[in-house]
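One structure below.
Model, not experiment: these values are computed from the prediction.
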Amino acid sequence: MKKQRALLIIDMQIDFCPGGSLPVPKADLIIKPLNRYIAFFKSKKWPVVASRDWHPPITKHFKSSGGLWPEHCVARSKGAQFHPKLKLPSNVKIVSKGTTPIEDGYSAFDSRDQNKKKLSRLLKSLGVKEIFIGGLATDYCIRATALSAMKENFTVYFLKDASKGISAKTSQDAIKLMKEKGIEPIDFTKFRKITG
Ligand code: VGL
């Protein structure tokens, strides 16, 4: 099978965007760049995967049960929907994470599709070798996802022009750590060079 590439869009959900319950600053500014990557992957017929936080109303992930975060992305709620301006292809593969009361669900590699297939198995069954990661948030779910992807032996790129973090400091630290682990931060121009 030839070297297959996948776009992995992390948690572009209403609650993580301005106006949502856990907004990532300027998250709306990456919608356009993400749509450009999506259009490119679509034109090549390369798979597009979108992860989503999909929490129960009561979970250790939320402050109300001793966790770090305000309530967000409760399964089937409005805030858990993908941002309406994100142009996901009709054949997008959706994977959900943080679905039980005992999981945080930071890494998309802890997520499953509607058939309960884990992300790594899904990607491997599609022949994917290279993963391009963008979305939210650089310092939490992207960081965790990129590090898991390396452990699963994928080649991993971080789409720096299509991602935003919760805080500047922790995002810089996350990018530094990703680089140390061999995950290259790239923009669209570099992406086009890599993908020919
Ligand atoms: C995230 C904080 C809490 C993320 C999720 O998507 O990066 N951050 N839950």
Side-chain angles (χ1 to χ4, degrees), residues 7-35 37-38 48-88 92-114 116 118-119 131 133-149 156 158-178 183 185:
L7 176 63
L8 182 48
I9 301 171
I10 305 298
D11 302 1
M12 275 311 293
Q13 291 164 277
I14 289 175
D15 271 344
F16 290 129
C17 292
S21 66
L22 179 47
V24 177
K26 301 187 183 165
D28 44 336
L29 297 186
I30 63 170
I31 294 169
K32 239 174 119 174
L34 278 171
N35 284 339
Y37 284 106
I38 293 170
V48 176
V49 180
S51 76
R52 62 185 183 187
D53 257 7
W54 202 244
H55 297 303
I58 297 173
T59 161
K60 71 156 195 139
H61 188 59
F62 295 162
K63 267 183 199 152
S64 48
S65 302
L68 288 180
W69 309 103
E71 187 177 302
H72 60 276
C73 301
V74 170
R76 286 168 286 277
S77 68
K78 175 90 201 282
Q81 290 173 13
F82 291 115
H83 194 287
K85 294 216 167 90
L86 190 68
K87 294 188 182 140
L88 292 172
V92 63
K93 305 213 177 328
I94 295 172
V95 291
S96 304
K97 60 191 176 62
T99 59
T100 71
I102 54 164
E103 295 171 86
D104 286 305
Y106 291 116
S107 170
F109 280 83
D110 294 328
S111 67
R112 294 172 186 268
D113 71 4
Q114 80 273 25
K116 300 274 177 273
K118 283 196 93 173
L119 177 62
I131 305 180
I133 304 177
L136 305 170
T138 305
D139 33 1
Y140 291 91
C141 289
I142 289 188
R143 173 185 186 274
T145 302
L147 298 181
S148 327
V156 187
F158 165 61
L159 303 175
K160 63 178 175 183
D161 56 349
S163 303
K164 289 283 178 204
I166 293 179
S167 95
K169 170 76 173 81
T170 49
S171 296
Q172 275 163 17
D173 291 348
I175 293 168
K176 183 165 172 273
L177 178 67
M178 289 193 278
I183 299 154

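The nearest pair of heavy atoms linking P23 to C17 is CB-O, 3.5 Å. Taking every heavy atom of both residues into account, P101 and P56 meet most closely at N-CG, 3.7 Å. The two residues A162 and P33 come nearest to each other via the heavy atoms CB-CB, 4.2 Å. Here the closest heavy-atom approach between residue G165 and residue P25 is recorded as O-CD, 3.8 Å. Taking each heavy atom of P70 and F62 in turn, the nearest pair found is O-CD2, 3.8 Å. Considering every non-hydrogen atom in both Q13 and A80, the closest pair reads NE2-O, 3.0 Å.
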Yes or no on side chain to side chain contact (heavy atoms under 4.5 Å, CB included) for M12 and I31, after CA distance, side-chain angles and deciding distance? CA-CA 8 Å; M12 275 311 293; I31 294 169; 3.8 Å; yes
Could you go through the side chain to side chain contact (heavy atoms under 4.5 Å, CB included) check for L147 and S107 one step at a time? CA-CA 8 Å; L147 298 181; S107 170; over 6 Å; no
Test side chain to side chain contact (heavy atoms under 4.5 Å, CB included) on Y140 and I10 and set out the steps. CA-CA 10 Å; Y140 291 91; I10 305 298; over 6 Å; no
From CA spacing to verdict: side chain to side chain contact (heavy atoms under 4.5 Å, CB included), D53, K97: CA-CA 5 Å; D53 257 7; K97 60 191 176 62; 2.7 Å; yes
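Below 30°, between 30° and 60°, or above 60°: for H72 and H55 the angle between ring planes is above 60°, a perpendicular geometry.
If you run side-chain contact (heavy atoms from CB on, under 4.5 Å) between L7 and each of I133, I131, L159, only L159 comes through. Applying the side-chain contact (heavy atoms from CB on, under 4.5 Å) test between I30 and each of D161, L136, I9 identifies L136 as the sole match. V49 pairs with exactly one of I94, V92, L119 by the side-chain contact (heavy atoms from CB on, under 4.5 Å) rule, that one being L119.
For the atom pair W69 CH2 and S64 OG, the distance stands at 14.0 Å (nearest 0.5 Å). Atom CG of N35 and atom NZ of K87 lie 5.0 Å apart (nearest 0.5 Å). In this structure, OG in S163 is found 7.0 Å from CG in L34, a value given to the nearest 0.5 Å. Between D28 atom CG and H83 atom NE2 the span is 6.5 Å, to the nearest 0.5 Å. The NZ atom of K32 sits 14.5 Å away from atom CG of L86, with the distance rounded to the nearest 0.5 Å. To the nearest 0.5 angstrom, T145 atom OG1 is 10.0 Å from M178 atom CE.
Side chain of D139 to main chain of S167: a donor-acceptor pair is present (N/O by atom type, distance under 3.5 Å, no hydrogens or angles). Judged by distance alone, with hydrogens and angles left aside, the side-chain atoms of S77 form no donor-acceptor pair with the main-chain N or O of C73 at under 3.5 Å. No donor-acceptor pair closer than 3.5 Å links the side chain of S171 to the backbone N or O of T138.
For the pair I14 and P84, the minimum side-chain heavy-atom distance is below 4.5 Å. Inter-residue side-chain proximity for F158 and R143 is flagged as unmet; no heavy-atom pair is nearer than 4.5 Å.
Between R52 and D11, none of the side-chain N atoms (NZ, or NE/NH1/NH2) sits under 4.0 Å from a carboxylate O, so this pair counts as no salt bridge. Here D15 does not pair with K78 in a salt bridge; the nearest charged N to carboxylate O distance is not below 4.0 Å.
Environment of CG in L177: crowded, with over 12 heavy atoms of neighbouring residues, nucleotides or ligands closer than 6.0 Å.
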